[in-house]
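Structure first, commentary second.
Residue numbers count from 1 along this sequence. What you see is a predicted model; the values in this text were computed from it and never measured. Whatever order the structure lists ligands and atoms in, that order sets their numbers, starting from 1.
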Amino acid sequence: MIWVFDSWFGGYYTLWLLREKFPDFDYIFYADTKNIPYGEKSPEEIKKYTFAWLDFLFDKWVAIVILACNTASAYAIRDWQAKYPDKKVLSVTIPGVEAMLGKWYKNVWVFATNATVKSEIFPKKFHEIKEFEELDIHQVWCPNLVTIVEDKELNEDYINSEILNYLASISSNNLDALVLGCTHFPLLKSHIEKHFYWDIIDPSHEAVIALEKYFEKHRDIYESIGKNGRIEIYTTWENKFN
Ligand code: DGL
């Protein structure tokens, strides 16, 4: 069983990508819809909720948890791994950071939630892995993109104008790639691509590739995952979109 966790739609998208790659696996997706948006919570709250969820999930039998929330990863993954090195959590954020390594990039922009931007997880992690690589990582807080995805505010003009607003904060002389540093944002990728012509990095997509590599080295974990193509989805609040 693979467990996927997020506040809601971003993790659902990550789950969709995972199912594309590993359609036979059994999945459980937990969405903490009651506490969305994580991106507006304090560091203490984010860590508290994320640890509570990971404790809950690992209390059941679980092979691996995919932490499909960059905000939760920013405040909890390091401490979790230090505390429980045997309880495997793959955060989408780290593969997202690794996707910037060894490229020709000089300036990368990260679109993320307020809390992720404040944590500076993307620049910090990058420079921790590659101390001497010269890359400037700039961050933009994009609160309305989470709202657009969650509220299904699908009016084209509104979406485009919001995206153009955020893209306007990027200096066009000075950019090589954009990281969609919140799992909700790839759901707007088709809109972003209309106005952004450079590389786009999607951490969830990178995480699926990282997971495939992980399984090459950890066949025991791969074998232990149920393969009946089952999927269960739980939320902590009534689904307001039903
Ligand atoms: N999906 C979460 C992330 O990747 C953010 C959404 C939220 O603010 O709850 O950061």
Side-chain angles (χ1 to χ4, degrees), residues 3-18 29-54 57 65-78 80 89-100 109-126 137 139-153 159 162-163 166 178-189 192 200-208 210-211 233-237 239-241:
W3 301 68
V4 180
F5 176 74
D6 185 32
S7 50
W8 192 205
F9 276 136
Y12 190 76
Y13 160 76
T14 310
L15 173 68
W16 182 78
L17 289 185
L18 284 162
F29 174 41
Y30 267 94
D32 192 4
T33 46
K34 185 177 170 187
N35 290 309
I36 197 170
Y38 270 42
E40 297 303 314
K41 302 263 177 301
S42 70
E44 294 74 26
E45 281 174 309
I46 297 165
K47 185 174 169 187
K48 185 178 86 186
Y49 292 141
T50 309
F51 262 61
W53 274 103
L54 292 174
L57 299 178
V65 173
I66 311 294
L67 195 49
C69 178
N70 292 281
T71 310
S73 303
Y75 292 96
I77 190 81
R78 183 187 287 271
W80 178 268
V89 177
L90 175 71
S91 141
V92 294
T93 311
I94 310 305
V97 169
E98 287 169 349
M100 294 187 257
W109 292 75
V110 180
F111 278 5
T113 65
N114 190 12
T116 300
V117 166
K118 281 190 184 146
S119 77
E120 299 197 346
I121 178 97
F122 281 93
K124 274 190 191 154
K125 198 75 207 170
F126 180 87
I137 301 177
Q139 308 180 95
V140 183
W141 169 37
C142 307
N144 294 355
L145 299 190
V146 172
T147 313
I148 287 172
V149 171
E150 284 295 331
D151 290 353
K152 290 202 180 154
E153 178 59 76
I159 295 175
E162 287 301 306
I163 286 171
Y166 293 123
L178 173 66
V179 179
L180 302 179
C182 168
T183 49
H184 282 59
F185 298 171
L187 290 159
L188 298 170
K189 193 174 168 198
I192 294 171
I200 294 181
I201 296 173
D202 171 2
S204 291
H205 173 79
E206 302 298 329
V208 174
L211 186 62
I233 295 178
Y234 298 94
T235 65
T236 46
W237 201 246
N239 183 343
K240 58 186 172 172
F241 304 115

Counting from 1, what ligand 1 atoms have a heavy atom of [X] closer than 4.0 Å?
X      : answer
Ile36  : 9 (O)
Asp6   : 1 (N), 2 (C)
Thr113 : 5 (C), 8 (O), 10 (O)
Ser7   : 6 (C), 7 (C), 9 (O)

side-chain contact (heavy atoms from CB on, under 4.5 Å), paired with Phe5, selected from Ile66, Leu54, Asp32, Val89 = Asp32
request  = Among Thr93, Ile121, Ile77, find the residue that satisfies the side-chain contact (heavy atoms from CB on, under 4.5 Å) test when tested with Asn70.
outcome  = Thr93
key: side-chain contact (heavy atoms from CB on, under 4.5 Å) assessment of Lys118 paired with Tyr75   = CA-CA 10 Å; Lys118 281 190 184 146; Tyr75 292 96; 3.9 Å; yes
request  = For ligand 1, find out whether one of its N or O atoms is nearer than 3.5 Å to an N or O atom of Thr116.
outcome  = no
ask   = Quick one: does Glu40 get an N or O within less than 3.5 Å of an N or O on ligand 1?
value = no
Which protein heavy atom lies closest to [atom], and at what distance to 0.1 Å?
atom                    : value
atom 10 (O) of ligand 1 : Thr71 OG1, 2.5 Å
atom 5 (C) of ligand 1  : Cys182 SG, 3.4 Å
atom 7 (C) of ligand 1  : Tyr38 N, 3.3 Å
atom 8 (O) of ligand 1  : Gly39 N, 2.8 Å

query = So is Gly10 in contact with ligand 1, going by heavy-atom distances below 4.0 Å?
reply = no
task = Provide the closest heavy-atom pair for Ala99 versus Glu206 in the form atom of the first, atom of the second, distance.
result = CB-CD, 3.6 Å
inquiry  = Restricting to non-hydrogen atoms, name the atom on Gly181 and the atom on Thr116 that form the minimum distance, rounded to 0.1 Å.
reply    = O-CG2, 4.2 Å
request  = Would you please classify the geometry between the Tyr30 ring and the Trp3 ring as parallel, tilted or perpendicular, with 30° and 60° separating the classes?
outcome  = parallel
task = Name the orientation class of the two ring planes belonging to Phe111 and Tyr166 (parallel below 30°, tilted from 30 to 60°, perpendicular beyond 60°).
result = perpendicular
ask   = Does the side-chain hydrogen bond (donor to acceptor under 3.5 Å, both in side chains) test come out yes or no for Thr14 and Thr183, once each step is laid out?
value = CA-CA 7 Å; Thr14 310; Thr183 49; 4.9 Å; no
